[in-house]
Structures are given as structure tokens and as C-alpha cells.
Amino acid sequence: MLYPLVLIALAAAPFALVARFAGRDRIAWGLALIPLAIFGLTLAQAGSVWEGGQVVERIAWVPALGLDLSFTLDGLSLLFALIITGIGTLIVGYAGHYLATDNGLGRFLAYMMLFMGAMLGLVLAGNVLTMFVFWELTSVTSYLLIGYKHDYADARRGALHSLLVTAGGGLALLVGLLLLGQAAGSYELSDILAAGDVLRAHALYPAAVVLILLGCFTKSAQIPFHFWLPGAMQAPTPASAFLHSATMVKAGVYLMARLSPALGGTALWDVTLAVVGGATMTFAAIVAMRQFDLKAMLAYTTISMLGALTMQIGLGGKYGAEGVATNILAHALYKSALFMLAGVIDHECGTRDLRRLGGLRAYMPRTMVITALALLSFGGIPVMFGFVAKELMLEAALETELGAMLSTLAVAAIAVTAGAYLITGWRLFSNTFLGQRSVAAMQQHITDPTPGMLIGPGVPAVLSLIIPLAFLGPISSLIGPASAAIYGKPLEVKLALWHGVNTALLVSLGAIAAGAVLARFGEQLANLRGWPAWMRGDMIFDRLIERTLTGATTLTRTIQEGRLRRYILLTALALLVFVGVPFVGFGISSIRFDLDPQLQFYEILAAALIPVGVIATINARTRLGAIIAVSVVGAMVALLFVLFSAPDLSLTQLLIEVLSTVFLLLVFSVLPVRFENFSAAWVRRRDAIIATAMGFLMGGLVLATATNDAFAPLAPFFLENSLEKGKGANVVNVILVDFRGFDTLGEITVLFIALLGIYGLLRLRQGKDNVAPERVTTTEPAAEPVDTKR
Amino acid sequence: MVFHLFIPIITPMIGGALAVLFNQQRLVARAIALISVLINLGYGLWLMSVVPATGPLVAQASGWFAPFGISLVVDGMSALMVMLAALLMLTTIIYSFYSIDEQREDHFYYPLLLLLLLGVSGAFLTGDLFNLYVWFEVLLVASFGLITLGGSRDQLEGGLKYVVLNLLGSTAFLAGCGLVYGFAGTLNMAHIAERMATLANPGLQTVLAGILLFAFGSKAAIVPLFFWLPSSYHTPPVAVTAIFSGLMTKVGVYALYRTFGLLFQNELATYGPWILLLAGLTMVIGVLGAVAQMNVRRILSFHIISQIGYSVMGLGLASAAGLAAGLVFTAHVMIVKMALFFIGGAAEQIYGTGDLKKMGGLARREPLLALFWFLGILSLAGIPPLSGFIGKLILLQVGVSQQAYLITAVAAGTSILTFFSMLKIWNEVFWKKSYDDVNRLPRVPFGLLAPGAALVILSVALGLLAGPLVDYNAIAGQQAFDRNVYITAVCGADGCEAVYRAALK
Amino acid sequence: MIILLAIAIGALFGGATYLVLRRSVVKLILGLILLSHGVNLLIFTMGDGVRRGAPPLIDASGQPPAGVADPLVQALILTAIVISFGFTAFVLALAYRSNQAAGSDDLDDLSTTDRL
Amino acid sequence: MHRNELPPPNRLPSRSTPRDSALYDSLILRTVSRLMMPLLLLLSIYMLLRGHNLPGGGFIGGLLAASAIILQMVAFGPKTARRILPVNYLLLAAFGVFFGAIWGLPAMVAGLPYMQAFWLPEPIPGVGKLGTPVLFDIGVYLTVIGVTTKIALLLVEEPILFPLPAMKPSPVETEDGV
């Protein structure tokens, strides 16, 4: 019952296109029934998971490559699947309102459903290659969603960045997974997870870990790959809410969590994750404080939380596992709500710039309440779900086995981050809802949106409050198996709002206090100048792209520079290397000189006239002289043929020589009568050296091969059978028309085709552009429109 | 002995001659072309269905037995290639119906296509080295005719480079052919393989293998022998570029596989690392060329080179699994690359230019074209579940399992640049707002869209149903890498040398 | 004899290489012609020995004369000669047309299709 | 059916009137070629027929015949070539390939490999033994005549080649790079 879930979501994509033709919001809520149904179906299977079991399925795809579509539902997959479909339901419905006036809604929803299917497949995959398949699909659908408003250069840029970074990481991941599979002897997750000890001792382990982490870090926007995520905010807000906060970016976290029982437990894995995660968390939290764009602010806090999750996986232990699972859920709830709310504000006010907003409490009271709930959870204020999650994070930092130093650092980082969250949350809230109504917002009549639009953010925001108050028990049974999967061992989880007064609580309270104090100075902090360009990842990446382009252009100009003789030169040099080097190395010893005492004078003469003719051709000053010299060479070749027992060849050669000369004379009549020296002296010298080398090589090859009697030739067979079986006394002709008549058939076809080609060449002359006349664009392109509302 | 093995050769040959004779009636010429190709396609499919089970099929031209007569040998690799050649030619002919002007038709466009198919099929089928040369020349001269047909300045310029550099490669092949005969005394490929396996003069054999590597390398457009390709491929009509991209270099790859899988397998130990080096360079230089270009077809042309690197990588891995992987990749790239040429070409055709800077806005104007293009570039970049992913995965897997980490890394790294350069086209041609009013452009007619779309759908299908493809090529790779299978099929269990001795008493 | 032919072959290949590296389209073509001569002679020497006065014709006795020349290479060369004739004619026509289109017989002027 | 719009062909104005005069107006040449013509044609057929047993064959015969026709053409102009053999040489070449290829088919009908030889039991007087290889050789002969003559015709009919255009000076050789 697993793969149908994925299939349903994927199959819904074409269906979504219908939205183009019908009432927007209703269609969207109708479509939302599909994720809702998947949610229900998944939940229906939760029972067996909660009893400690797994649901496993497998469809053969490419068995020879170990690439099967295998699916497993365990605690961790279940948690993710429920988040994806649950939040997905709300967001699909929300999108109908958000994009109600957009003609592309159908396309948008189709991408969303595709993405949902891919994401479901990713978390349900029971085989790392299957997982990778869906991993890449999420990158691609994300690209399409970020670039949804592709008329704007920023949207294209953001989409390109996100795809290049995540797909580049994906490649590293693929190689890493292949190494992992190689080491474990299987690509099945269950086998890999069971082979933890073997893997950690394997020689490929470090390489595999580094590559896999590259994949995860890029996907989950860890430093220094974080920059694509703010760029991805070019996507329409429902997509941001779904992909870039609740689901896709967590794929990296998911994979790290998934593999940590097998790969974790080493300094390489644990410390890398803890340090990179911690750094990302703190850095992004501080950057978030300074943003003015609502979505950018949320994007940075998302990066921060992704760092926090990564860090907790690295910190490990029981609390690490519990913390990861709990934080994933808590974050998904409040962050998707916040994104949707940002969309609501944007939608209603026409801007999401904090400097232009303000005083909305009077006009959008419902929105304000929901925002407040979500922000409380985000800030980790007690009784909210975010608080429970943050406590676990602190426990993980305190209880980690990575040593006192890292533990202390982690605690400090969490405290700073928590404080920064408070500031961010406060800034967001106060600048939007409190104070005076700003000039920008005054120009239009502003109210709460339709209730339908508030369902999306409302449900998760309210859940953030209700869960810790009323449903900690049921949620524990969801978090428990998930934590167990991360921990790698069975785990009893009992979430609680109140753990008593312990270190975690104290730190937590300290952070709240510190944050409250800091909030007073928030504005000053926010006014700090932005990061210099060389420190901004997206700028660096732009420059990297630029450098790649210019580098590639320079390289290509150098290599493919246009002149035929340069190409010929390189080709000749390549031949000298490909053949000359092995010849000098291995073949030259095979040369034998057969000095024939009976050599006749005219034989020597004929052979000697060939080099003479060649040199005469080279040195010819006139066209006619060159043609004559070449003809002499041809005649001498014919003479050699007749001297050495080849009358047929000789005749043919002579006739062809005559005809070629006629053709040469005909065609060359348009070309200049006299030649000059075409090249500088040194060029001629260089070419002469290459030509000499070529001559020696070919002559040497002939000597080495022709004097070698390793094997008897086929020839006697033809001599023996020509008359009797071929009915002819001229063996050459019998070979041509019978023994190897098939060659001759091809040969006359060559002649015939050459004629067709020449006919076309001489009789068909078309203008410069064969396709259609060049269209002239005289006007400069208009500047691209600036997007004000996204 | 399978007497009808000649069908894929005879059909286009007689078809080509007849199409010239009836060239005055355009419809007749078209019909002849279509029918010939369909026959080849059907026969190729039949071959693919039987060869994995029966092993190589053999026929002797003129009835003279091997190693004296010319053998035709079809193993898994040949059958696949024969089928693909016909399939791709079919799409090209259909595309040509809608895109080729009447003047070209009057100047023997369809006969040239058929004769190109003749050369390609002959090269895939023959089991005789000199006969291979002849078919190479057939396909080469047909390609000369096609690339220059039309006679615009660009075509002539590019054509001259194409012709001269290819002639040099051909000459090297002919010389190599002669030297192989001089050394081994035979031309039958099975017989050559058998004699070479005795290692009578390993030094000389290494040199001979070097010549063939050069000759076929220049046909396959590996570094540093690719110059002819980007100089010329963007100059003829789209249909011609497309079929060239599908077939020409792949014949070179096929010949390289034969050379080192069969004739000079012993030399693979010596050349393997160097082939891998060349493969890596080919991938990187090719893709950087693509990154640098700003024209749809020129980008795609450089990609051909880059992808040849992957095909050659399969050979450099020097194992049956490597060949199988290379074949899977080659089959995939033949299909997808042609599809992209068709689709990009259709865009070029309606826009009147292939210059990225002048194009734009086609995502809205031509959603179907955009859809298939996007799927195509995903496939080319190796995104699952399309065929490109299978091709990339199998190559990387073999690379990893054979500890060829460096080339594996290069192959993986190259594909992100591939993706980048393809996205460049996507961004500029489809997503970017057009400076012009796109709605004034003519719509892409069905006939220009269908061939590319069909090939993209095929790529999707090959990805989703990759099991049979991979299984088939595993067998094909084994057949191509096991000299005894080939020799036994051609000369019997005792081998060609025994036949040779018996025939000469 | 083989050494004699080897020298001729070396000269042909060397001269051809030099000629195809020139800028003149005429010399390029002449180089290609020399190249085909070189290859033909090369194949010729690859036969079952190079013989004098023993063409591969079967006389009235019905038996090939002793020490007869290798007929196979001769057939191969015949094929090669004819093929290279076809190519030479094609290249001639192409050179003529490209010369006409570009208005120059300097090959270095023909580099627009690679311009980036 | 859709056709993309193409610019009008950039045909040369003189294209429509192919020249029809001798390339080299020489009495000796005319006389010699007139005398040689039948001889050469006969010789070519002789060469074709005896080829199976003595030096000769389809190639040599075809080349001889083509040389004869080309000689005539040089002396009297292209039209003469058409008078000697009133055929379209291009179609003759196509027919030659077709003719050569079909004689391999009878064997396949009999379930034998393509091009396997069939011989008439008795020799035909004046021709010798007749079999499919000989017929194939005739296909070769026709192809060679057709191709070679047609190429010459195409070149001769080029308006730019004849009469000779004014020579432009050869470029002064400067080396502007390597």
C-alpha cells in the first residue's frame, strides 16, 4: 500500500492542470483532497509501525543495477510522510486563494503535486538508489517552482542557483551512495543499516561520507551552500512554504538522520555534522535578524533550523534523536504557517517589506492572532510546541558524547540562536502589526483575507499550541518510532512540557531573557550594514558561473579556433603520438631491411621519381607545374604497379590519373595561376619537421610490417579457387566481382553517392541562411519588468 | 548461416538507387525512403529479439566461407545499432517531410539519407575489416553530400573542414587496414582476432591498435580529433544535423568497441588507461565548449563530443560490464541527442535563428515544445527516471566497482556542466521574456514536434522500463567482449585458423 | 624491393602531410591526392611479397604460376583507387564552390563557422 | 503540409543557359577524338567482357568509355556527350548501382547468401561464360561511365569555370599567425 501513495500524488499532477479551466480556489481545495487522502491512508498504516513493525514493498525496476523501487514505512518515514501530506493538503488549498488571479495556477498545482509525489517517494524509499531517484525529482520540481515567474530575471537566477547547487550536490551524493553500496554490498537501506560496523571500517567510508554529506548539505542549505535558499524565495509563497521550509530542504536532514545509525559514531560524521550544523544555525539566525523582506527573514531562520537539525544529528544520543524528530515536526508546523502568513500579508498589502508595513493589527486581527501563535512557537516560548522541541535540543547538546568543549559550544550556540529568534520574531510582529499604519499600506483598503485563505496557516499555528497542551501522548507515539529510527535502537519517548527545573530549562529561560533584552536593540542590530559582496554566497556563485563561462569561452576559442590547417596540424600530431609513440616504443625493433640484390634500374628509377615528384609538387610555383608534378607521381605509381605484377591496377591507375588531371585542370582554372609562399619560414620549417616525421613513421611501419611473416595470407585460396569455382582466370577480377563482390558493390555506391554530392554542390546554391531569413532586431530589448509581488 | 542477414544493407541500397531513378516524383521518392527505413527497422527489431538467445548470427557474402569471404555478423551490439540507426532515420525522414525545402528534395536529399543509412548499417553488420572500410566510405561520402547540400557559405566552409579532416581519418583507417592485412594476413575480423590473440609480435600489434584507435577516434570525435564536428554540424538543415548527431560519431564508437573488444583485446590492457584519459578529456573539453556557445545547435554539437567521452569511458573500463554500460549510454544518447536537435531545431526554425540572445518566450507560446525540451534536457543531464539516469548510473556503477574513481568523478562532475549548458538554452529560449512579440511567430507544426516528442517519450520509456534495456546490453556487452563467441559463430568451434588450414590443404 | 617502396611511401606521406598543412586550397587537394597514392602503395607492399612479372592470372594449365603476386591486395587497391577518385572529385567540387562562396583560395579565410 | 519559407534560391543568372561549345577549339583534337571515339568505346566493351580472364573488367572498361566521351566533350562541347549516349548520365549511374545490386538477389530467393554466383552451364559464343558476377560487372561498368561522365559534364557546364574568369591576383603571402 506504499507505492500507490507516491503514484497517486504523481498522477494527480496532470489532473491539476484542470484548474486552468474552472474556479480557482474550489478546484484547489478539491485537489487538496488527494494529499488528504494520502494522509489518511498513511495514517491507517501507522498502527503497525507504532507496534515496532515496518511496511516493506518492492517493485523490480532494473534488478541488474540493484535499482529497485523498494519502499519502507518505518517511524521516520511515517513522520515525514504525514508532514508532507498534512502540510501539503493545507498548502494546496491555500494556493488556490493565493494564486486565484494567476492563469498558471493549474501548472503551479501540477508542479506541487509532482513535488509531493517525489518527496513522498524520497522518504518512503527503502533503497538508496530509489531514494536518489526521488531526491533528484524534488530538485527539478523545485527548480520549476522557483522559476515559476520566469519572466523575471531574479526568478530565473534563483531557480538556476538552486538547481545547480542541489543537482551538483546530488551528483556527489550519487557517487557517495554508489561507494556506500559498493562497501555494503547492497543498495537496500535495511542492508546498509545492518552493515554499520563493516561500513565504518571500510576503506571507502571517508570518501562515501564526504560525498553523501556534500549532497545533504547542499540540499539542506548548510554553510557554505546556504545561499540558494534565500534565492529560492522567488518561488510563489505556497511553494516556499511547502518546499523551502517544511519539506524539500529537510530531505538532506532526513537522509543524514536515516543513515546516522550506519554511518554515525565516528568523529568524521559526528563532529562534521555538529560543527557545520551549529555554525549554520548561529550564522543564519544572526543574518535573519537583519532582513527586511518577510520571506528572506523566514528563509534565513529556516536555514538556521536546518543547521540546528544537522547539529543535533551530529550531537547524537537519545536526546539528539528525539530532538531531531520533534524539531522537524515543530518547525514544519510553525514555519509553514509563517510562510503562508507572509503570503497573506503580501497578498493583501501588496508588499512584504517590513519597512513599508505596520499597524495592521486594526485591519487584520485574525491574521495577527495566527501570526502571534506561530511566532510564539518559533521563539520557543513555553507551552508552545517549539518550546518542547528547543528543550530537547538543549538536552542533546548537554548530553552529547562529543566532549565538553563541543557540548559547551553547542549550548552557547543554541542560546544565541534562541535569542536571535526572539529578536527576529519580535521584529516581524511589531513591524507588521504594531505601530502606525505605513504610508505604503494606506493606499489600499486592507482586511483579513477570506477565511479559506486562513485555514492554511491557521491549522498548523493552532496545532503548535494544542499539541503540547493536549496531544503530547499521541504525538509521542509518532515521535518515538521516528527517534528510534534515527537512534538506531528502540527508544521509549515520552514528550513532556515540564521536565522539572534542569539545566536545559535554565539555559532556555536565559535565552528568553537575553532575547527580550536584545530585542530592545533589535533595530540597531538590524541597521548594521549588509555583508560585503565577496562574502555573499550567491554573489560568489554568480562569479563562479561567470568565470566558468569566460574560461570555457577562452578554452574553446583556443582549441576550436577556426583554421583548417591548425586542425590538420593537431590531427597530424595526434597521429604521431597515437602511432609514433607505440611504434618507437614497441614496433621499431620489428624492422628488417631486405636488400634485394636483383633490384632493376628502372625499378629504382620509378621509385625514385616519386620523391622527386613529391618535392616538385611542393615547390611548384605555378598551378600547371604542380598538376604536372602530381601526374608524374601518379604515373610512377602506375609504373610500379605494372613492374610488380599488377596490370589491372596499373591500367586503372593510369585511367584515373588521366581523368583526375582533366578534373583538376577544369576546376583549378578558377584558382590563381601562381603560388606564392603561403607561410613564414619558421612555419614551413615546423611543418617540414612534422612531415618528415610522418614520412619516416609510415615508411618504418611499412618496413616493419611487410617484412614480418608471422601469419600466412589469404591470397593462395583465391589463386587456387579462382578458375574452378570463380569461373575466371583473372584472379583480381574474380575477387572483385565474386569473392569480394560485396566490397565492389559498396565501392560503386561510393562513386554514385559522390556524384550525387557533386551534383548537389554544383547545382544547388542557397543563401547564407538556410533556415529562414535573418530577422533583424533593431530595438534594444526593454528592461525586464521588476517584480513587486511574488 | 542466415541468408537474409543482408536485408538491412540491400534495402537502403536498392531503395537509394530507386529513389534517384524516381526522384522526379517527390512523393514516390519519399515513399521509397519511408518504406526502406521501415523494413530496416522491422528487421532490426527482429534481430534484437533473437540475437540475445541465439548468439551472433552470421552470413557470408557471395557464399564464400570465412575467413575467405566477407562475413556479416550480428551480435547484440550490432543488432541494437542496426535497429537504432533505422529508428533514428525514420524520425529524421518524417521530420524532413515537414522541414526540407523542395530544392533539396530535387537534389537527391532522400536518396542521400537512405545511402547514409546504407553505410551505417553496413558498418554495423560487417565482420570484415576492409568491408568495414568500404561502408565507412559509403556513409562518409553520403554525409559529405548531405552536409554540403544547399551550398550556403557556412555549409561550404564547415563542409570543407568536415570533409578534409574525415578524409584524413579514413586514410588512416585504410592504411591501418592494409597494415593489419600485412601483419595478420587476413581481413576477416574473427580471424584477425584469433591470430592477434596468439601474440605473435606484441610490439607491432600495439602499433596497429594505435592506428585504429586514431582512425576510429577521429570518426568518434574524441579529443584531440573532434575539430570537424563543431565546425560543421550547425551549418546544414536541422534534420541533417540531427541524424548526424545520432549516427556518425556512434559508428566510430562502435568501431572502437569492435577494435578493442574483438580485434585487439589484448591491447586493451595497454590502452585502457589512455582511453580513459582521452575519455575524460573528451567529456570535459566537449562540455566546456558547450558552455561557451550561445547558439542552440552549436551547444548541442559540443555536447555530442562530451557524450562520446562517456561512451568511450565504457570501453576504457576494459570489461564486458564496461562495454555494456557504454552501450546503454550510447543507445540513450543517440535517442535523446536527436530529440534535442529536433526540438531545438524546431524552435530555431520558427524563430529563424538559433542565437540564444535573440530568442525567448517559447515556454508560453509553445508549451508542448517546452515540455519535451525540458524532459529531454533532464534525460541528457541524467535525471531519474529518464534513460539518461540509467546510462549515467550504470557507467558510474561500473566505474566504482572497478575502482576507476578518477574517471567516475570526472563523469559525474561533467554532468552538472551538461545540465548547466542545457539550462542556459532553457532559460534563454523558453523562460526568458521574448524581446519580440512571440505571438507573431508561426506555430510549430505537428510534424516538427512529433519526431522529437516521440524520441523523448522513448527516452522516458527506456528509463521507466530500463530493466530489459540493461539486461539486453549486459548480454550484448558479453558478446562483444568474448572473442570466442564471435569466432565460433563465424568460423565454427575450431576457429578460423583450422578452416584456413583445411582450405589450403 | 620493399625498402624501395617504403622510401616512396614515406616520401608520399611526408609530402602529403606538408601539403595539407598549407594555406592554399590547391595544395590541400594535391596533398590529399598524394596521400591516396601513398596508401595505395602501402597496401600494395602488404601483399604476400612483392613480385616481378607474375601477375595473378591463371594460364592455360589451369594453375596459377609459381611465385604469383598477391591478388587480394590488388583487388583492395583497385577498390581504394576508385573510392579515392570519387572523393577527389568531390573535394574538387567542394573546393571550387567554397572558393567561390568565400571569394578566396586562402583557407585561413574560411573560419567563420567556428567564430564564437 | 507545412513547409518553412525559404529565401529564393540564389541562383546565378547564367545558370539557365549551360554553355555548349568546345573547351579547347582545336582541329587536331576534334579529328583525333572523332577517330578515337568508336575505337575507345569498342575497346571499353572488350575490356569489360574479357575482364574475367584477362586484365580489364567493369572498372577499366567504364573508365575507358568515360574517357572517350569526355575527350569528345572537350573537343565538341557538352551536347556531343549527350549525342553519343542519349541518356541522363546520373540516372545511368543510379541504374548501374541498381543493376549491380539486383543480381545478388536471385541467390536470396533460393535461400542462399546474397550475391552467391549463378552461372549458365554453357559459355555464350563471343562473350564467354555468363553468370551473375559478369552481370554485376556490367552494373559496375554502367555506374563508372555514368558517374565519371556526369561529373565531367557538371564541371564543364559550370558557367563560372568556362569561360575562364578574370584572374584575381594571388594573395600576398603574409603570415598572420600559426
Side-chain angles (χ1 to χ4, degrees), chain A residues 563 566 569 647-648 650-652 655-656 658-659 662-663 666-667 669-670 672-683 686 725-730 732-734 736-738 741-742 744-745 747-749 751-752 754-756 758-759 761-773, chain D residues 4-7 9-12 51-60 63-64 66-67 70 74 90 93-94 96-97 100-101 104 114-115 117 119 129 131 133-134 136-137 139-140 143-144 146-148 150-152 154-156 158 160-162 164-165 167-173 175 178:
Chain A
R563 281 175 298 171
R566 168 71 167 274
L569 181 73
D648 283 279
S650 187
L651 267 172
T652 315
L655 285 165
I656 294 260
V658 169
L659 289 167
V662 170
F663 291 174
L666 288 179
V667 168
S669 60
V670 281
V673 180
R674 290 187 59 80
F675 301 123
E676 304 290 335
N677 269 329
F678 271 84
S679 315
W682 72 271
V683 176
R686 178 199 66 189
K725 294 182 181 158
K727 321 280 191 218
N730 180 359
V732 175
N733 187 265
V734 176
L736 280 175
V737 298
D738 194 354
F742 205 50
T744 312
L745 190 63
E747 174 196 353
I748 58 173
T749 319
L751 266 189
F752 171 55
L755 171 62
L756 294 183
I758 294 169
Y759 182 82
L761 261 178
L762 295 180
R763 286 295 168 84
L764 185 60
R765 294 143 201 252
Q766 291 183 344
K768 188 173 180 296
D769 198 338
N770 288 324
V771 182
Chain D
N4 62 312
E5 285 154 33
L6 279 154
N10 185 13
R11 297 215 170 200
L12 295 154
H52 215 52
N53 292 307
L54 288 166
F59 280 118
I60 295 173
L63 288 170
L64 262 176
S67 310
I70 291 170
V74 170
L90 199 147
V97 171
Y114 183 66
M115 285 186 91
W119 293 95
K129 282 198 170 171
V134 175
F136 172 65
D137 218 11
V140 174
T143 310
V144 172
V147 170
T148 315
K150 183 69 187 180
I151 292 174
L154 283 169
L155 289 175
V156 168
E158 267 300 297
I160 302 211
L161 285 175
F162 305 102
L164 297 178
M167 284 300 151
K168 65 170 179 118
S170 184
V172 176
E173 303 317 321
E175 182 58 27
V178 191

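Side-chain atoms are counted along with the backbone in the values below, which use heavy atoms only and exclude waters and symmetry mates. Sequence lines set the chain letters: A, B, ... in the order given, protein chains first and strands last, and positions in each chain run from 1.
- The aromatic rings of D/Trp119 and D/His52 lie tilted to each other, with the angle between the two planes from 30° to 60°.
- By the ring pair (Phe, Tyr, Trp, His ring centres under 6.0 Å) test, D/Phe136 is found to be paired with no residue, residues two or more places apart in sequence or in another chain being considered.
- D/Thr143 touches chain A through its side chain: at least one heavy atom from C-beta onward sits under 4.5 Å away, while N, CA, C and O do not.
- One N or O on the side chain of A/Thr744 and one on the backbone of A/Leu736 form a donor-acceptor pair closer than 3.5 Å.
- In this structure, D/Leu155 CG and A/Ile758 CD1 are separated by 7.0 Å, a value rounded to the nearest 0.5 Å.
- Looking at every heavy atom in both residues, A/Asp738 comes nearest to A/Lys725 through OD2-O, 4.4 Å.
- When each of A/Val658, A/Leu745, A/Thr749, A/Leu651 is scored by its heavy-atom pairs under 4.5 Å with chain D, the top score falls to A/Leu745.
- Here the CZ atom belonging to D/Phe59 is positioned 14.0 Å from the CG atom belonging to D/Leu64, to the nearest 0.5 angstrom.
- Only the backbone of D/Leu54 comes within less than 4.5 Å of a heavy atom of chain A; no side-chain atom from C-beta onward does.
- Heavy atoms of A/Val734 lying under 4.5 Å from chain D belong to its backbone as well as its side chain.
- For the set D/Val144, D/Val97, D/Val134, the entry with the most heavy-atom pairs within less than 4.5 Å of chain A is D/Val97.
- When D/Gly131, D/Ala152, D/Ala66 are compared by the number of non-hydrogen pairs under 4.5 Å with chain A, D/Ala152 comes out ahead.
- Proximity to chain D is limited to the side chain of A/Leu659, based on heavy atoms less than 4.5 angstrom apart.
- Contact tally against chain A (heavy-atom pairs below 4.5 Å) for D/Leu63, D/Asn53, D/Val147, D/Leu90: the top residue is D/Asn53.
- Heavy atoms of A/Leu756 lying under 4.5 Å from chain D belong exclusively to its side chain.
- The contact between D/Lys129 and chain A is made entirely by side chain atoms (from C-beta outward), counting heavy-atom distances below 4.5 Å.
- Donor-acceptor pairing under 3.5 Å is recorded for the side chains of A/Asp648 and A/Asn730.
- Per-residue counts of heavy-atom pairs under 4.5 Å with chain D were compared for A/Ala754, A/Gly741, A/Ala729; the largest is that of A/Ala729.
- Checked by atom type and distance alone, the side chain of D/Asp137 pairs as donor or acceptor with a backbone atom of D/Gly58 at under 3.5 Å.
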